[in-house]
*Asks:* 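Provided herewith is a single structure, encoded as structure tokens, for subsequent inquiry.
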Protein chains: 2
Amino acid sequence: MVVLRRTVPATGSQVHTRKNWIDPNTSMTADKPRARLTLNDVARGCGVSRATVSLVLRGSPLVHAETRARVEAEIRRVGYIYNRAAANLRAQSSSSVALVVNDLSNPYFAEFAAGVDEALAAIGFVTLLGSTGESVQRQQAVLASLVEHAPAGIILSPAEGSDGASVARAVGPHVPVLVFNRELDGAWDYLVMDNRTGARLATEHLIGLGHRRIAFYGGHRDSSSCRERRDGYLQALAVAGLEAAPRWRIETAPTRLEAARQVGALLATEPVPTAAVCYNDAVALGLQLGLVARGRQAGVDFAVVGFDDIPEAAMSVPPLTTVATAPRARGRQAAERILARMRDPSIAIARQTIPVQLIARESSCPPPDASGNRRHE
Amino acid sequence: MVVLRRTVPATGSQVHTRKNWIDPNTSMTADKPRARLTLNDVARGCGVSRATVSLVLRGSPLVHAETRARVEAEIRRVGYIYNRAAANLRAQSSSSVALVVNDLSNPYFAEFAAGVDEALAAIGFVTLLGSTGESVQRQQAVLASLVEHAPAGIILSPAEGSDGASVARAVGPHVPVLVFNRELDGAWDYLVMDNRTGARLATEHLIGLGHRRIAFYGGHRDSSSCRERRDGYLQALAVAGLEAAPRWRIETAPTRLEAARQVGALLATEPVPTAAVCYNDAVALGLQLGLVARGRQAGVDFAVVGFDDIPEAAMSVPPLTTVATAPRARGRQAAERILARMRDPSIAIARQTIPVQLIARESSCPPPDASGNRRHE
DNA sequence: CTGAAAGCGCTTACAG
DNA sequence: CTGAAAGCGCTTACAG
């Protein structure tokens with residue numbers, strides 16, 4: 001949606017305005033050029049035309065080596081700074097990609113953002129950041145604002161409850177969008193992890209250790225990633241012929257704190273499970289804390305498996321068995337995909353699935369009543 | 001430094017290029033406009049001049065209410081998207097701020113970034129993200145790239161070993177810079193936390209609990225924030241007349257893993273300290289883990305205090321006593337400062353100090369031999 | 001209150 | 001190999 005009555009920041013016109021007064025704080029005014037230098041200044045400074053400087057800047061082979069050297073020296077001498085916005089406007093190009101996440105303070109998204117930025121920086125692109133805090137309204141505002149900066153594409157992790165049509169309206173028909181991490185109604189280019197397989201692997205791992213009563217812990221029913229992970233869990237149980245009691249599926253907000261609070265509900269089920277596949281690592285770490293508070297211990301008398309492999313997973317006590325998705329590499333992959341679609345807008349939208357891998361650590365022990373290979377520190 | 005021979009992304013000119021072929025994937029071509037709409041299209045669509053549409057867009061009171069309504073309806077109808085880059089070029093203004101951090105996957109910086117973005121988004125500005133991974137070379141490249149996008153300002157957490165003159169050269173004289181978190185040689189606008197006071201409070205807290213042998217654990221000598229915190233620690237010891245043994249100052253990389261690895265060195269000192277002020281929370285959490293691995297426990301037989309109050313601090317076992325600096329609020333403050341300097345470039349540079357607050361939790365127990373108020377769960 | 005015109009800093013055919 | 005000219009999508013005095 002176009003934001004109407006948009007007011008330019010009250011004093012916007014003062015930014016970068018050429019100053020013709022003398023800065024009272026600076027006595028040495030000579031070495032602080034009063035105005036931002038342009039191609040014209042450089043051209044005049046070394047006696048060539050603006051076009052030639054432009055060609056030099058962009059590495060064209062049309063320019064004589066001597067001329068090029070002269071221009072480059074002048075550019076360095078005066079400290080000229082290229083105005084990419086102007087260049088993009090003229091060339092109808094873009095050198096930015098927008099990244100919209102729901103929660104940057106989630107280390108998983110932070111890693112993902114670092115991966116995106118890494119891949120973009122490598123080709124001189126810039127990341128435009130947007131953060132929605134899981135609010136659909138803020139998401140609309142953020143998208144509307146970002147799209148006005150004409151990014152080459154948008155990488156979007158939709159806020160919960162997002163409406164595909166609204167997103168499409170905010171973005172318009174010209175900017176390729178890559179949806180990651182969550183489903184969004186409508187036809188979109190997707191980058192999603194293989195939630196089903198990941199949860200299936202986690203569950204099979206626990207079954208292989210001897211567990212027969214396995215819970216699915218945490219996450220919200222209306223989150224598509226949670227549904228998919230639960231499906232993978234149910235599938236593994238079905239194949240093994242194990243019971244999938246609905247009372248063993250505990251919903252929580254996907255945070256450590258909420259997960260720690262709900263452990264009572266998990267342990268109150270009858271019979272009590274001996275293991276849990278968790279919606280994600282945050283929930284799994286919360287579960288570990290909640291167990292300690294109730295005199296039990298993950299990796300000793302209760303098996304816990306997470307999902308995501310956030311950095312804390314390896315460092316927790318005990319280290320958390322989890323399903324790795326390499327968020328940083330995924331961020332790079334997302335950036336590559338957007339750049340590919342920018343280069344060739346006729347590429348058909350698709351669903352890319354991230355392979356997923358089980359990382360076995362100490363938190364997934366055999367059940368207490370199982371014989372044999374119990375791990376000790 | 002200006003990057004020479006900069007090549008525009010190979011197919012850059014294809015982005016946003018007006019297409020006059022029919023998308024083979026779309027049968028419904030009518031509802032997908034072939035070209036990005038401009039003010040001209042809107043003006044023609046409702047029979048006014050481009051100037052009038054521009055005035056409407058920017059909420060000018062000069063436009064007749066009826067005309068305004070007609071224009072707004074047309075804007076909505078055709079899904080016009082404002083081109084802020086063009087507007088900024090013409091008006092010599094900017095609607096972005098660059099944020100350069102060394103490590104986005106550090107939750108402290110992620111929170112800070114979220115705060116910056118929050119404050120900027122509130123006034124329709126956009127955050128340009130840059131990540132240096134503590135590399136001075138990447139920092140130069142990132143700054144050179146960002147400054148070409150003409151941000152209204154740059155918020156920079158310098159990579160370790162940064163050279164102020166190089167930074168100044170990369171940024172040029174026109175963009176206000178706010179340095180946060182670390183010192184940088186030269187005269188800069190600063191936003192730094194009160195490291196000395198924070199570490200002093202932490203140390204006084206331990207002294208108040210009865211500790212007499214207090215270590216300073218973790219961090220690197222060449223980091224200015226580490227030096228300041230160590231100074232605060234030394235100052236508190238001096239005031240209390242306690243010994244400040246150099247062997248009780250253990251250097252580590254400021255990470256959880258490194259801190260956990262060095263615990264042996266701490267416990268090997270003679271006499272062994274009963275408490276430690278840590279460089280930051282990551283180090284403190286690592287120390288807690290390392291203690292457990294050696295049969296000791298923070299909050300029971302060893303007191304630990306961190307610095308930063310990262311989200312994990314409250315959730316660790318035991319919860320970590322630490323010094324809070326509210327990174328999200330600091331991010332907002334950094335954004336406000338940059339915007340203020342943008343509005344009035346004649347504001348003198350200054351050093352803003354963030355107040356700091358001790359958060360007492362379970363990890364800071366009295367010394368084992370002290371009588372009395374030992375905490376129990 | 002609205003329109004015609006100039007120009008922000010670039011790029012890009014097109015001549016020469 | 002280099003220069004003059006048009007134009008990207010806007011804003012902003014300036015007339016009317």
*Asks:* Figure out the CG/P separation between B:N40 and C:dA5, and round it to whole Å.
*Replies:*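 Computing the B:N40:CG to C:dA5:P distance gives 14 Å.
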
*Asks:* From D:dC8, D:dT11, D:dC1, pick the nucleotide closest to the side chain of A:L89?
*Replies:*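 The nucleotide sitting nearest to the side chain is D:dC8.
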
*Asks:* Given C:dC1, C:dG7, D:dC8, identify the nucleotide with an atom nearest to the side chain of A:R90.
*Replies:* D:dC8

*Asks:* What is the distance, rounded to the nearest whole Å, between atom OH of A:Y80 and atom P of C:dC10?
*Replies:* 3 Å

*Asks:* Got a second to check how far A:H149's NE2 is from B:Y82's OH, nearest 0.5 Å?
*Replies:*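 Atom-to-atom, A:H149:NE2 and B:Y82:OH are 10.0 Å apart.
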
*Asks:* Separation of A:N83 atom CG from C:dC8 atom P, in whole Å?
*Replies:*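 Rounded to the whole Å, the gap is 12 Å.
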
*Asks:* Apply side chain to side chain donor-acceptor pair (under 3.5 Å) to residues A:S49 and A:T52 and explain how you reach the verdict.
*Replies:* CA-CA 5 Å; A:S49 79; A:T52 303; 3.2 Å; yes

*Asks:* Ignoring hydrogens and geometry beyond distance, is a side-chain donor-acceptor pair present between B:N83 and B:T38 at under 3.5 Å?
*Replies:*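 Short answer, no.
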
*Asks:* For B:A86 and for B:T67, find the nucleotide of DNA chain C with the closest heavy atom, then tell me which residue's nucleotide is more 5'.
*Replies:* B:T67

*Asks:* Please state how far atom CG in B:D41 lies from atom C1' in D:dG9, giving the value in whole angstrom units.
*Replies:*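 Rounding to the nearest Å, CG of B:D41 and C1' of D:dG9 are 11 Å apart.
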
*Asks:* Take the protein atom CG of A:L39 and the nucleotide atom C1' of C:dT12, then report the distance between them rounded to whole Å.
*Replies:*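 So the CG-C1' distance, A:L39 to C:dT12, works out to 13 Å.
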
*Asks:* Roughly, in whole Å, what's the span from CG in B:L55 to C1' in D:dT12?
*Replies:* 9 Å

*Asks:* Is any side-chain N or O of A:S54 closer than 4.0 Å to OP1 or OP2 of C:dT11?
*Replies:*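 Checking A:S54 against C:dT11: at least one side-chain N or O falls below 4.0 Å of OP1 or OP2.
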
*Asks:* Any residue in residues 43-52 of chain B with a heavy atom nearer than 4.0 angstrom to DNA chain D? Just list them by number, or reply none.
*Replies:*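 Those residues are B:R50, B:A51.
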
*Asks:* Does the side chain of B:T132 come under 3.5 Å of the side chain of B:N102 through a donor N or O and an acceptor N or O?
*Replies:* no

*Asks:* So does B:Q92 get a side-chain nitrogen or oxygen closer than 4.0 Å to the phosphate oxygens (OP1/OP2) of C:dG9?
*Replies:*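 So the side chain of B:Q92 is within the cut-off, an N or O lying under 4.0 Å from OP1 or OP2 of C:dG9.
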
*Asks:* Just name whichever nucleotide pairs with D:dA4, Watson-Crick or G-U, keeping both distances under 3.5 Å, else none.
*Replies:*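 The base-pairing partner of D:dA4, which may sit in any strand shown, does not exist here.
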
*Asks:* Can you tell which of D:dT12, C:dT11, C:dC10 lies closest to the side chain of B:A91?
*Replies:*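 Shortest atom-to-atom distance from the side chain points to D:dT12.
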
*Asks:* Between B:W188, B:Y190, B:F112, which is the residue that forms a ring-ring contact (aromatic ring centres under 6.0 Å, His included) with B:F180?
*Replies:* B:F112

*Asks:* Verify whether one side chain among B:S162 and B:Q139 offers a donor that lies under 3.5 Å from an acceptor in the other.
*Replies:*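 Looking only at side-chain atoms, B:Q139 and B:S162 do form a donor-acceptor pair, the distance falling under 3.5 Å.
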
*Asks:* Mind checking the CG-CD spacing from B:D41 to B:E74? Nearest 0.5 Å is all I need.
*Replies:* 9.0 Å

*Asks:* For B:R68 and C:dC1, what is the distance between atoms CZ and P respectively, to the nearest whole Å?
*Replies:*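 Going from CZ in B:R68 over to P in C:dC1 covers 10 Å.
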
*Asks:* I want to verify a distance call: between C:dG9, D:dT11, D:dT2, whose nearest atom is closest to the A:T38 side chain?
*Replies:*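 My answer, after comparing the listed nucleotides, is C:dG9.
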
*Asks:* Please state how far atom NE2 in A:H64 lies from atom P in D:dT2, giving the value in whole angstrom units.
*Replies:*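 So the two atoms are 7 Å apart, to the nearest Å.
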
